[in-house]
Novice: 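Input: one structure, supplied below.
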Amino acid sequence: MIVRKTQAEIEKMRRAGLLVHEILTRVGEMAVEAVSTWDLEVAAAKMMDDAGAKPAFKGYYVPAAGERYKYVLCTSVNSEIVHGMPSPKRVLKSGDLVSIDTGVSLDGWYGDSALTVGVGEINEEAKRLIRITQESLELAIEQVREGKRLFDICGTVEKYVVENGFSIVREYVGHGIGTQLHEEPQIPNYVDRRNENPRLREGMVFAIEPMVNSGRPETKVLKDRWTAVTKDGSYSAHFEHCVAVTANGPYVLTRP
Ligand code: MF3
Ligand code: CO
């Protein structure tokens with residue numbers, strides 16, 4: 001069942017979403033040469049604490065990893081797709097791509113968002129990957145309307161990414177969000193005909209999160225049991241926003 005939220009509930013999610021936006025903006029700006037992914041983690045944790053918010057990821061149990069996640073951020077560099085773990089040893093250098101994913105709960109309501117930034121000078125392929133991934137999310141957001149169906153979101157990302165010669169990660173997906181970080185439905189970044197294709201209704205809120213590889217789509221998980229990487233070592237980019245279906249169209253909760 002897809003839980004629908006009232007306008008008042010969506011405004012609570014909005015507060016969580018705006019905090020996530022502020023954190024991501026700040027740590028995105030911090031992601032320059034010689035800064036470690038641990039530095040980003042520390043800054044994000046402090047911002048959550050100062051705002052009276054709870055980290056959504058720290059303590060979150062992921063069955064595939066068999067344990068709880070230990071950090072407030074996921075920081076995934078270059079061929080890392082998602083669930084890269086912040087570390088003082090991971091010092092960013094010019095040419096790196098870093099995907100930063102974070103979430104909070106505020107008053108019991110969740111916000112979740114991600115972005116990918118280039119460190120120093122990045123190559124043309126990496127620039128184009130970032131652009132196409134971000135554009136695929138923007139096109140998908142336009143589909144978040146009454147009268148559309150879930151596959152319109154999934155298919156929009158898939159078509160745009162494939163047309164532009166990149167590949168869609170299939171093993172990790174977007175999700176409904178509300179009083180839980182992950183609610184129904186799952187939102188793959190491609191049309192999966194094994195899934196249902198529900199109509200979108202006012203009050204539904206979706207975390208849409210294209211993960212796109214510059215090379216082949218296949219993924220593997222490192223021995224740390226968390227870090228998902230591209231099998232071929234190609235770059236991966238990730239953008240995510242929480243979007244509500246409203247009478248006035250798509251309402252992006254995770255940006256001003
Ligand atoms: N990347 C996931 C999402 O955006 C959440 C990470 S789960 C965690 O939905 F345990 F790694 F934090
Ligand atoms: Co998410």
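Counting convention: from 1, in listed order, for ligands and their atoms alike. Values below: every heavy atom of this structure, side chains too, minus hydrogens, waters and symmetry copies. This one's a predicted model, so the numbers in the text were calculated from it and none came from an experiment.
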Novice: Are Glu135 and Arg131 within salt-bridge range, i.e. N to O under 4.0 Å?
Specialist: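 Looking at Arg131 together with Glu135, the answer is yes, because their closest N to O distance falls below 4.0 Å.
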Novice: Which one holds for Tyr69 and ligand 1: side chain close, backbone close, both close, or neither close, with close meaning a heavy atom under 4.0 Å?
Specialist: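 Just the side chain.
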Novice: For ligand 1, which part of Val82 has a heavy atom less than 4.0 Å away: the side chain, the backbone, both, or neither?
Specialist: neither
Novice: Within the 4.0 Å heavy-atom shell around Asp112, which atoms of ligand 1 are there?
Specialist: 3 (C), 4 (O), 9 (O)
Novice: Among protein heavy atoms, which sits nearest to atom 1 (N) of ligand 1, and what does the distance come to when rounded to 0.1 Å?
Specialist: Asp101 OD2, 2.6 Å
Novice: Are side-chain heavy atoms of Leu137 and Gln134 found at a separation under 4.5 Å?
Specialist: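 No; the side chains remain at least 4.5 Å from each other.
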Novice: For ligand 1, which atoms, with element, lie under 4.0 Å from some heavy atom of Phe57?
Specialist: 5 (C), 6 (C), 12 (F)
Novice: Consider every N or O of Tyr60 and every N or O of ligand 1, then say whether any pair is closer than 3.5 Å.
Specialist: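 So ligand 1 has no N or O lying under 3.5 Å from an N or O of Tyr60.
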Novice: Would you sort out whether Glu41 and Arg90 count as a salt bridge (charged side-chain N to carboxylate O under 4.0 Å, His left out), showing the intermediate values?
Specialist: CA-CA 12 Å; Glu41 167 76 10; Arg90 194 64 182 256; over 6 Å; no
Novice: Show the atoms of ligand 1 that are less than 4.0 angstrom away from any heavy atom in Val62.
Specialist: 10 (F)
Novice: For Glu146, does the CD atom sit with more than 12 other heavy atoms under 6.0 Å from it, leaving out its own atoms?
Specialist: yes
Novice: Begin with the C-alpha distance, continue with both residues' side-chain angles, and end with the deciding distance and a verdict on side-chain contact (heavy atoms from CB on, under 4.5 Å) for His83 and Glu80.
Specialist: CA-CA 8 Å; His83 305 163; Glu80 297 172 358; over 6 Å; no
Novice: Can you find a pair of side-chain heavy atoms, one from Asp192 and one from Val173, that are under 4.5 Å apart?
Specialist: no
Novice: From the Co ion (ligand 2), how many protein N/O/S atoms are found at a distance short of 2.8 Å?
Specialist: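 Under the 2.8 Å cut-off, the count stands at 4.
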Novice: Under 4.0 Å between a Lys/Arg side-chain N and an Asp/Glu carboxylate O for Lys12 and Glu9?
Specialist: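 Salt bridge between Lys12 and Glu9, a charged N being under 4.0 Å from a carboxylate O: no.
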Novice: Can you check which of His83, Lys58, His182, Glu209 brings a heavy atom nearest to atom 4 (O) of ligand 1?
Specialist: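 Comparing heavy atoms across His83, Lys58, His182, Glu209, the nearest one to atom 4 (O) of ligand 1 lies in Glu209.
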Novice: Starting from Val77, can I reach Met211 by hopping between I/L/V/M/F/W/Y residues whose side chains sit under 4.5 Å apart?
Specialist: no
Novice: Return a table of donor-acceptor pairs under 3.5 angstrom between the side chains of residues 112-120 and protein atoms on other chains or two or more places apart.
Specialist:
from: Asp112; atom 1: OD2; to: His175; atom 2: NE2; distance (Å): 3.0
from: Ser113; atom 1: OG; to: Glu240; atom 2: O; distance (Å): 2.6
from: Thr116; atom 1: OG1; to: Ser99; atom 2: OG; distance (Å): 2.8
from: Thr116; atom 1: OG1; to: His238; atom 2: N; distance (Å): 2.8
from: Thr116; atom 1: OG1; to: His238; atom 2: O; distance (Å): 2.8

Novice: Could you report the tightest heavy-atom contact between Ser234 and Gly215, atom names first, then the distance?
Specialist: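 Shortest heavy-atom separation between Ser234 and Gly215 comes out as OG-N, 3.1 Å.
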Novice: Looking at Glu240, which atoms of ligand 1 are within less than 4.0 Å of one of its heavy atoms?
Specialist: 4 (O)
